[in-house]
Amino acid sequence: MSETPSRDFIRQIIHDDLESGKHSEIVTRFPPEPNGHLHIGHVMSICLNFGVAAENGGRTYLRLDDTNPGKESKEYVDAIKNDVHWLGFDWEDRLTHASDYFGELYESASRLIESGGAYVDSLSADEIREHRGTLTEPGRNSPYRDRSVEENMDLFRRMREGEFGDGEHVLRARIDMSSPNMNLRDPALYRIRHIEHQNAGDEWCIYPMYDFAHTMSDAYEHITHSLCTLEFEDHRPLYDWFLDQLEPPHRPRQIEFSRLNLAYAVTSKRKLNALVEEGIVSGWDDPRMPTIAGMRRRGYPVASLREFVARAGVTKKDKLIEMGVMENCVRETLGEQAERRMGVLRPLKVVLTNYAQDQVEMMEAMNHPARPELGTREMPFSRELYIERDDFMEDAPRKFFRLKPGGEVRLRFGYIIRCDDIVRNESGEVVELHCSYDPDTRSGTGSSDRKVKGTIHWVSCEHAIDASVRLYDRLFTVVNPNAESDFHSVLNAQSLETVEAKLEPSLGELPVGQAVQFERLGYFCADEKDDAPAARVLNRIVTLRDSWAKLEKQAMQEQG
RNA sequence: UGGGGCGUAGCCAAGUGGUAAGGCAUCGGGUUUUGAUCCCGUGUAUCGCAGGUUCGAAUCCUGCCGCCCCAGCCA
């Protein structure tokens, strides 16, 4: 009866550590650098770090890894806090910065110097690179590698005092220039940067490097499990080296897992930034962006994002997850939550020739077919309506059970109508349909149980409200744009289409932040930036599954 | 051609010597006033390949192949 849920390897390690008594409390951290916006890959890390701690009654720090001033800024810090919060995670009083520990870090570095574990190098950056060797050749020791402890201490102190210019000296760990692991070839620990820091101000002109700052910050915060992505795997020997040398009272353990890649999307900071800078998208929060801000603005519910990363799993295998998995997660949560409405994206006018000129009937429509407690609303029905252009086809195949010449279709929550005439413009395009309705088929009256195969959505012309609706598609045309040398060649030119839609009147009050389903079309929400009461702007979050579109596509392919 | 990591169905993923879970997708079928939802059913997976150990291997051993990461005073 007690089926043991299969745990991912990290949760298994944590479970074992708790059971063996190695740890009595789990402490994790999510450590983004505030130099860019968070994206879907970070969602994975956030859910893992906060999730694993919460599941075990532990704690999680939100730590801004701000050791490289000049690249980092307060705006990013604020955006990151906002994003993590939106995802539903609470760091309580555990918002920290690597820069909060600059003092401790300086002390730790000094101790390292005293014990001979670090030295001040005065080679230039280029010279250091030359000395580093290559993947297959060992590096060479710097001529400054054997300075005395006293000299190193003096130099390091003076570096801090601001006596030297940027790049004049650097503090390096003294490990092994011939190590096959490049990270162990005397990595830099501190560099001189006469630049203001977004959090520490102008207190410092030397700043610690990632490996040192990150390891020690983990130790200072008593992090038990330091979870990071695979590319840091060969940094772990260095991580452990710092801990061995400095022997902090709490010893964290670094564990690596694979990043989550989303098909048809890029997540590298450089590429995301280029999309914004080059104006290919409207900003970091463009609804096509895989950033948290973008997905939020697009209308993806938090629950769907969490479900998505849960489905992706935690392993060490590189993964490229299909866009469909994300979309299905969104459909699942919205399908249950979102109220139903009607909207016509590409309107085609229909005149009901046998319907009284100024008659208006109020049709009762369910807000959710599976949740009657969500109630109903009324939709005005009149002689002139809009239907979806796609719901009419002149030369329809037999499988097309929507409106066709002489054919019948049910108007959802309305009447059954028959298409009698087609009105065309000078160039022959269909601009209007003349139809007749069957008065005995009013929805819900039960006066006629006549059935027709198709049901389509509609909106009353006179009562409809106008809206610009943005239809989004993937930003790239290839499944893994990350692998492309130049992503510009694989951009999807059709990733955004804006249509002027006609919506049922109740949509005039749709609040920003609330998603609705347009029946038969998909899920939509008001755009948090561009929507205005007088000029509604909606985003299509995701389409509904569309088996007709699939059939059409197959038919097209069969025809060649 | 140095080091580290990874290879189970289209995409994820369990499995840790006893004869391949599950999810998503796919493909059938049923219900349906959303071609949605829902419900049923559906997979010859050479467990990267080749050897070996064993009564028995996805699991252990050896060799090979493929993919990813590392030569920032970035993180």
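Remember, predicted model here, so these are calculated numbers, not experimental data. Labels below follow one simple rule: chain letters A, B, ... track the order of the sequence lines, proteins then strands, and each chain is numbered from 1.
- Using a 4.0 Å cut-off, some side-chain N or O of K319(A) falls inside it from OP1 or OP2 of A13(B).
- Between I192(A) atom CD1 and C73(B) atom P there is a gap of 14 Å when expressed in whole angstrom units.
- Place R402(A) and D8(A) on RNA chain B by their nearest nucleotides, and D8(A) ends up nearer the 5' end.
- One interatomic measurement links the two molecules: CD of E504(A) to P of U34(B), which rounds to 16 Å at whole-angstrom precision.
- The shortest distance between the side-chain N/O atoms of T67(A) and the OP1/OP2 oxygens of A75(B) is below 4.0 Å.
- The listed nucleotides are A75(B), A71(B), C12(B); the one nearest the side chain of L135(A) is A71(B).
- Heavy atoms from other residues, nucleotides or ligands lying under 6.0 Å from CD of E336(A) number 12 at most.
- Residue contacts shown for M342(A) are absent, as no nucleic acid heavy atom lies under 4.0 Å away.
- Searching all strands for a Watson-Crick or G-U wobble partner of U1(B) with both distances below 3.5 Å returns nothing.
- If you check every strand for non-hydrogen atoms under 4.0 Å, Y190(A) touches nothing.
- Here W458(A) and F413(A) keep their ring centres 6.0 angstrom or further from each other.
- Position along RNA chain B of the nearest nucleotide to A188(A) versus F518(A) favours F518(A) as the more 5'-ward residue.
- Rounded to an integer number of Å, the gap from CE of M209(A) to P of C70(B) is 15 Å.
- Comparing A75(B), G72(B), G23(B) by their nearest atom to the side chain of N68(A) picks out A75(B).
- Side-chain to base pairing of R410(A) with U33(B): one donor and one acceptor N or O lie within less than 3.5 Å of each other.
- Taking 4.0 angstrom as the limit, R132(A) places a side-chain polar atom (N or O) nearer than this to OP1 or OP2 of C73(B).
- Heavy atoms of R172(A) sit nowhere under 4.0 angstrom from any nucleic acid atom.
- Contacts of E168(A) with the nucleic acid, taken as non-hydrogen atoms under 4.0 Å apart, are absent.
- In this structure, the CG atom of N181(A) is 16 Å from the P atom of C69(B), given to the nearest Å.
- Here G10(B) sits opposite C24(B) as a Watson-Crick or G-U wobble pair (both hydrogen-bonding atom distances under 3.5 Å).
- Taking side-chain N and O atoms only, R236(A) has no distance below 4.0 Å to OP1 or OP2 of G3(B).
- Rounded to the nearest Å, the gap between the P atom of G5(B) and that of A75(B) is 24 Å.
- E519(A) has its CD atom 17 Å from the P atom of U32(B), to the nearest Å.
- With its glycosidic angle more than 90° from 0, G28(B) is assigned anti.
- Straight-line distance from the CZ atom of R270(A) to the P atom of A75(B): 19 Å, rounded to whole Å.
- Checking G5(B), C74(B), G10(B) against the side-chain heavy atoms of K316(A) singles out G5(B) as nearest.
- Ranking G3(B), A75(B), U34(B) by closeness to the D234(A) side chain, first place goes to G3(B).
- The aromatic ring centres of Y210(A) and F232(A) sit less than 6.0 Å apart.
- Ring centroids of F156(A) and Y106(A) are separated by less than 6.0 Å, placing the two rings close together.
- Minimum atom distance to the side chain of T134(A) is reached by A71(B), of the listed C73(B), A14(B), A71(B).
- Using a 4.0 Å heavy-atom distance criterion, F401(A) is classed as a base contact.
- Among the heavy atoms of the strands lying under 4.0 Å from K399(A) is at least one base atom, whether or not backbone atoms are also near.
- Heavy atoms of L123(A) sit under 4.0 angstrom from at least one base atom.
- Distance, L320(A) CG to C6(B) C1': 15 Å, rounded to whole Å.
- Between F308(A) and Y300(A), the ring center distance fails the sub-6.0 Å criterion.
- Counting non-hydrogen atoms under 4.0 angstrom, F9(A) reaches nothing in the nucleic acid.
- When the side-chain nitrogen and oxygen atoms of R193(A) are compared with OP1 and OP2 of C73(B), none of them lie within a distance under 4.0 Å.
- R311(A) has its CZ atom 20 Å from the P atom of G10(B), to the nearest Å.
- H235(A) contributes a side-chain N or O that forms a donor-acceptor pair with the base of A75(B) under 3.5 Å.
- Within 3.5 Å, a donor on the side chain of E322(A) pairs with an acceptor on the base of G10(B), or the reverse.
- Using a 4.0 Å heavy-atom criterion, one finds that S179(A) contacts no nucleic acid atom at all.
- Close to U1(B), at under 4.0 Å from its OP1 or OP2, lies no side-chain N or O of T136(A).
- For Q517(A) against U34(B), a side-chain-to-base donor-acceptor contact under 3.5 Å is present.
- A donor and an acceptor atom sit less than 3.5 Å apart, one in the side chain of S443(A) and one in the base of U33(B).
- Judged by atom type and distance alone, R412(A) does not reach the base of U33(B) through any side-chain donor-acceptor pair under 3.5 Å.
- Around CZ of R418(A), the count of heavy atoms belonging to other residues, nucleotides or ligands within 6.0 Å does not exceed 12.
- Between U33(B) and K451(A), a contact under 4.0 Å exists linking OP1 or OP2 to a side-chain N or O.
- OP1 or OP2 of C74(B) has at least one side-chain nitrogen or oxygen of R191(A) nearer than 4.0 Å.
- For the P atom pair drawn from C68(B) and U1(B), the interatomic distance equals 15 Å after rounding to whole Å.
- Taking the six-membered ring for Trp and the full ring otherwise, H235(A) and Y239(A) have centroids separated by 6.0 Å or more.
- Between F242(A) and F212(A), the distance separating the two ring centers is shorter than 6.0 angstrom.
- Closest to the side chain of M182(A), from the set A71(B), C12(B), U34(B), is A71(B).
- No engagement by P138(A) is indicated, since no non-hydrogen atom pair under 4.0 Å with the nucleic acid exists.
- Aromatic ring centres of F518(A) and Y523(A): separated by at least 6.0 Å.
- Residue contacts for G324(A): at a heavy-atom cut-off of 4.0 Å it reaches no nucleic acid atom on any strand shown.
- At the phosphate of A13(B), OP1 or OP2 sits under 4.0 Å from a side-chain N or O atom of K317(A).
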